[in-house]
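Note that ligands are numbered from 1 as they come in the structure, with each ligand's atoms numbered from 1 the same way.
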Amino acid sequence: MELRINSFEEYQNKYRQSVEQPEAFWDEVAQNFSWQQPYDKVLDWNFDEPNIKWFVNGKLNITENALDRHLEKRGNKLALIWEPNDPKERFVRLTYRELYEKVNEFANALKAQGVKKGDRVIIYMPMIPELTIAVLACARIGAVHSVVFAGFSANAIADRIQDAQATMVITADGLNRGPKQVPLKRVVDEALEHCDTIEKVIVYNCLNWAPEMKAGRDIWWHDAIQGMEKVCPAEPMDSEDMLFILYTSGSTGKPKGVVHTCGGYMVYTAYSFQNVFQYRESDVYWCTADVGWITGHSYIVYGPLLSGATTLMFEGVPTYPDAGRFWQVCDKHGVNIFYTAPTAIRALMAAGDDHVLSYSLNSLRVLGSVGEPINEEAWKWYHLHVGKSKCPIVDTWWQTETGGIMLSGLGDLSPMRPAHAGLPLPGIQPVLLDQEGKTIEENEVEGYLCVKFPWPSMLRTTYGDHERCRVAYFSHYKGHYFTGDGAKRDENGLYRIIGRVDDVINVSGHRFGTAEIEQAINANAMVVESAVVGYPHDIKGQAIYAYVICQELPSDPDMMRAQIIETVTEQIGKIAKPEKIQFVSGLPKTRSGKIMRRILRKVAEGESDKLGDTSTLLDPTVVDEIVNGAL
Ligand code: PRX
């Protein structure tokens with residue numbers, strides 16, 4: 001399957017064609033996949049309901065495209081390299097044939113446990129090969145996977161299980177993360193105290209921890225696959241059948257279940273993978289994300305495997321046993337394409353240059369960045385010390401909702417400018433809108449980033465609540481998908497993402513809604529009210545600053561802070577913990593009761609001298625107290 005564009009001129013031609021004749025363009029791309037039954041129409045759409053259908057009435061199974069069809073030519077090629085947390089442990093390599101057999105075997109096990117097409121399966125797993133196997137096994141039998149990042153708390157899992165009405169959880173006894181081991185099964189057990197839809201729990205034995213197994217509900221992975229055939233027929237799926245649900249935060253308190261479907265997601269993840277990274281058949285490709293996020297779904301699992309690539313999966317963290325771990329893994333496995341997040345780059349940069357300079361890194365050809373804006377300093381360090389000034393950096397802008405990369409350079413083909421995501425991929429039609437919703441046509445401008453035409457891997461709905469999808473993404477600007485981001489466009493048409501314009505905070509590339517964190521803080525019995533904002537952080541990009549009103553001002557603020565962090569950890573997970581907590585006696589509110597976050601943001605950013613007009617506040621004196629007590 002050859003989807004790769006080979007020159008900048010070819011990109012320009014393809015881009016033009018994709019805008020002028022989008023259906024013909026995507027029809028040609030889609031011909032590169034195996035369809036059990038051809039589609040009879042490429043696209044049906046409107047952004048008002050919204051109703052989006054790609055490859056209408058086509059039948060396929062994404063795992064036949066990711067596994068079966070490679071067997072003949074690439075059966076003995078490595079599909080997956082797994083590098084463990086501890087460098088002294090053995091790594092694992094699976095060929096396409098071996099991965100095919102493991103996926104089929106586990107798919108049969110899922111069926112034997114009663115899972116059927118359309119059932120929702122929650123996957124809460126370590127970054128081990130079995131996570132990828134579980135995801136693909138669900139897709140094989142048409143079950144809808146919903147992977148929950150293994151850092152989320154029992155409460156967060158329970159919310160997702162209930163929202164998805166899931167019937168199965170796949171988990172492990174625990175996981176390794178750097179020097180720590182973290183329980184997973186115990187967290188699942190706690191979550192399940194509040195869920196009544198789960199019938200079965202499959203547990204992979206990762207750490208030999210012998211967790212409690214509930215009779216009739218819990219079964220070991222190794223027992224579940226006993227005697228299972230290594231061939232399992234691929235369920236015929238409609239192009240628009242659900243492939244997965246992935247929960248992500250928005251501006252309301254409750255995370256949304258973003259729904260992706262089979263046909264369009266398959267076509268776009270493979271197409272974007274091969275083009276953005278300028279993938280070549282013999283490449284070893286490594287994306288350091290976790291499969292619990294969209295980046296892992298699209299660019300550890302589906303995009304690379306659909307392309308017949310060798311994808312590397314890493315169990316550990318960038319700084320264990322030391323800050324040279326990423327570079328050691330690159331040299332060890334001869335990584336050619338390396339895709340990571342700015343937060344990791346900044347953390348490794350802060351650890352000093354010696355680590356990176358100890359490795360040759362001469363296999364690297366293309367570097368990628370994802371998840372948040374990459375600042376120029378980090379960009380330059382990445383380019384110089386990791387890429388040795390010879391590797392292009394693709395700064396890929398996209399979202400859980402977009403399913404695949406939208407704005408990015410294509411390897412070394414495109415013009416590259418630090419901190420700029422660059423140009424749209426073929427088929428992607430971004431626009432910048434002004435306050436009134438008017439399209440800004442010229443360059444050297446700034447506006448709200450929207451997309452005016454559908455692309456194959458876009459979200460179709462939010463699970464169980466289509467209206468929420470319409471309101472969140474399609475109601476701000478008629479006829480447009482609204483991204484929630486602000487962006488600039490330079491004189492050459494390159495886009496630079498400025499950041500979120502809604503109440504979403506991006507901490508180390510992970511999204512949290514301010515309302516979601518406030519709700520978590522308010523769950524502490526001592527807390528009356530809270531308001532949360534993001535502020536710039538050297539390593540994390542943004543960090544969380546919480547203003548909290550307690551029943552009475554705490555006599556031991558540090559102890560109260562620890563308790564609030566504990567509550568947030570219980571409600572969401574450690575990843576959402578506020579960096580700073582300031583106790584206040586009131587919040588700046590308008591006469592209609594709305595919190596003026598603009599003021600709180602300025603104080604958190606250390607710009608208390610630029611608060612602007614505060615005369616519309618109900619009680620302007622609270623501002624002085626907040627400014628004086630700022631951390
Ligand atoms: O604000 C943008 C930021 O991350 C948001 C999407 O978050 P999520 O759905 O968790 O997906 C992250 C991985 C695709 C966007 O709305 N973002 C993502 N990539 C970039 C970025 N901001 C700037 N530059 C990027 N390359």
**Study point:** Ring centroid separation His260 to His297 under 6.0 Å
**Key:** no
Check your understanding: Which ligand 1 atoms are under 4.0 Å away from a heavy-atom of Val370?
Key -> 13 (C), 14 (C)
Check your understanding: In terms of atom number and element, which parts of ligand 1 are under 4.0 angstrom from non-hydrogen atoms of Ile497?
Key -> 22 (N), 23 (C)
Review point. When you check the gap from the basic side-chain N to the acidic O, do Lys256 and Asp163 get nearer than 4.0 Å?
Key: no
Revision key, fill the gap. A student comparing Trp398, Phe512, Trp293 should find that the heavy atom closest to atom 14 (C) of ligand 1 comes from Trp398
**Study point:** Pair Arg511 + Glu401: basic N to acidic O under 4.0 Å
**Key:** yes
Practice item. Check each atom of ligand 1 against the heavy atoms of Asn506 and keep those under 4.0 Å away; list them by number with element. Key: 3 (C), 4 (O)
Review point. Considering only the protein, which heavy-atom contact is closest to atom 23 (C) of ligand 1, and what is its distance?
Key: Pro373 N, 3.1 Å
Review point. In the protein, which heavy atom is nearest to atom 1 (O) of ligand 1, and how far is it?
Key: Asp485 OD1, 2.7 Å
Revision key, fill the gap. A student comparing Gln542, Arg500, His297, Glu372 should find that the heavy atom closest to atom 24 (N) of ligand 1 comes from Glu372
Practice item. Give a yes/no verdict on whether any heavy atom in Ala421 is under 4.0 Å from an atom of ligand 1. Key: no
Study note, to complete from the structure: among protein heavy atoms, the one nearest atom 12 (C) of ligand 1 is Gly371 CA, 4.2 Å
Exercise for review: Answer yes if the ring centres of Tyr302 and Tyr265 are under 6.0 angstrom apart, and no otherwise.
Suggested key: yes
Point to revise | Protein heavy-atom partner closest to atom 7 (O) of ligand 1 - residue, atom, separation in Å | key: Arg511 CD, 3.0 Å
Revision key, fill the gap. Residue, atom and distance of the protein heavy atom nearest atom 13 (C) of ligand 1 read Thr295 OG1, 3.4 Å
Check your understanding: Do any nitrogen or oxygen atoms of Thr396 lie less than 3.5 angstrom from nitrogen or oxygen atoms of ligand 1?
Key -> yes
Study note, to complete from the structure: Tested for salt bridge (Lys or Arg N to Asp or Glu O under 4.0 Å) against Arg346, the lone hit among Glu372, Glu376, Glu377 is Glu372
Review point. Quick one: which ligand 1 atoms are inside 4.0 Å of a heavy atom on Asp395?
Key: 24 (N), 25 (C), 26 (N)
Exercise for review: Flag the pair Trp397 / Tyr495 as yes when their ring centroid distance falls below 6.0 Å, and as no otherwise.
Suggested key: no
Review point. Should Glu240 and Lys53 count as an ion pair when the cut-off is N to O under 4.0 Å?
Key: no
Review point. Do any nitrogen or oxygen atoms of Gln399 come within less than 3.5 Å of a nitrogen or oxygen of ligand 1?
Key: yes
Check your understanding: Are Tyr339 and Trp286 near enough that their ring centres are under 6.0 Å apart?
Key -> no
Study note, to complete from the structure: Nearest heavy-atom contact between Gly404 and Trp398 is O-CB, 3.1 Å
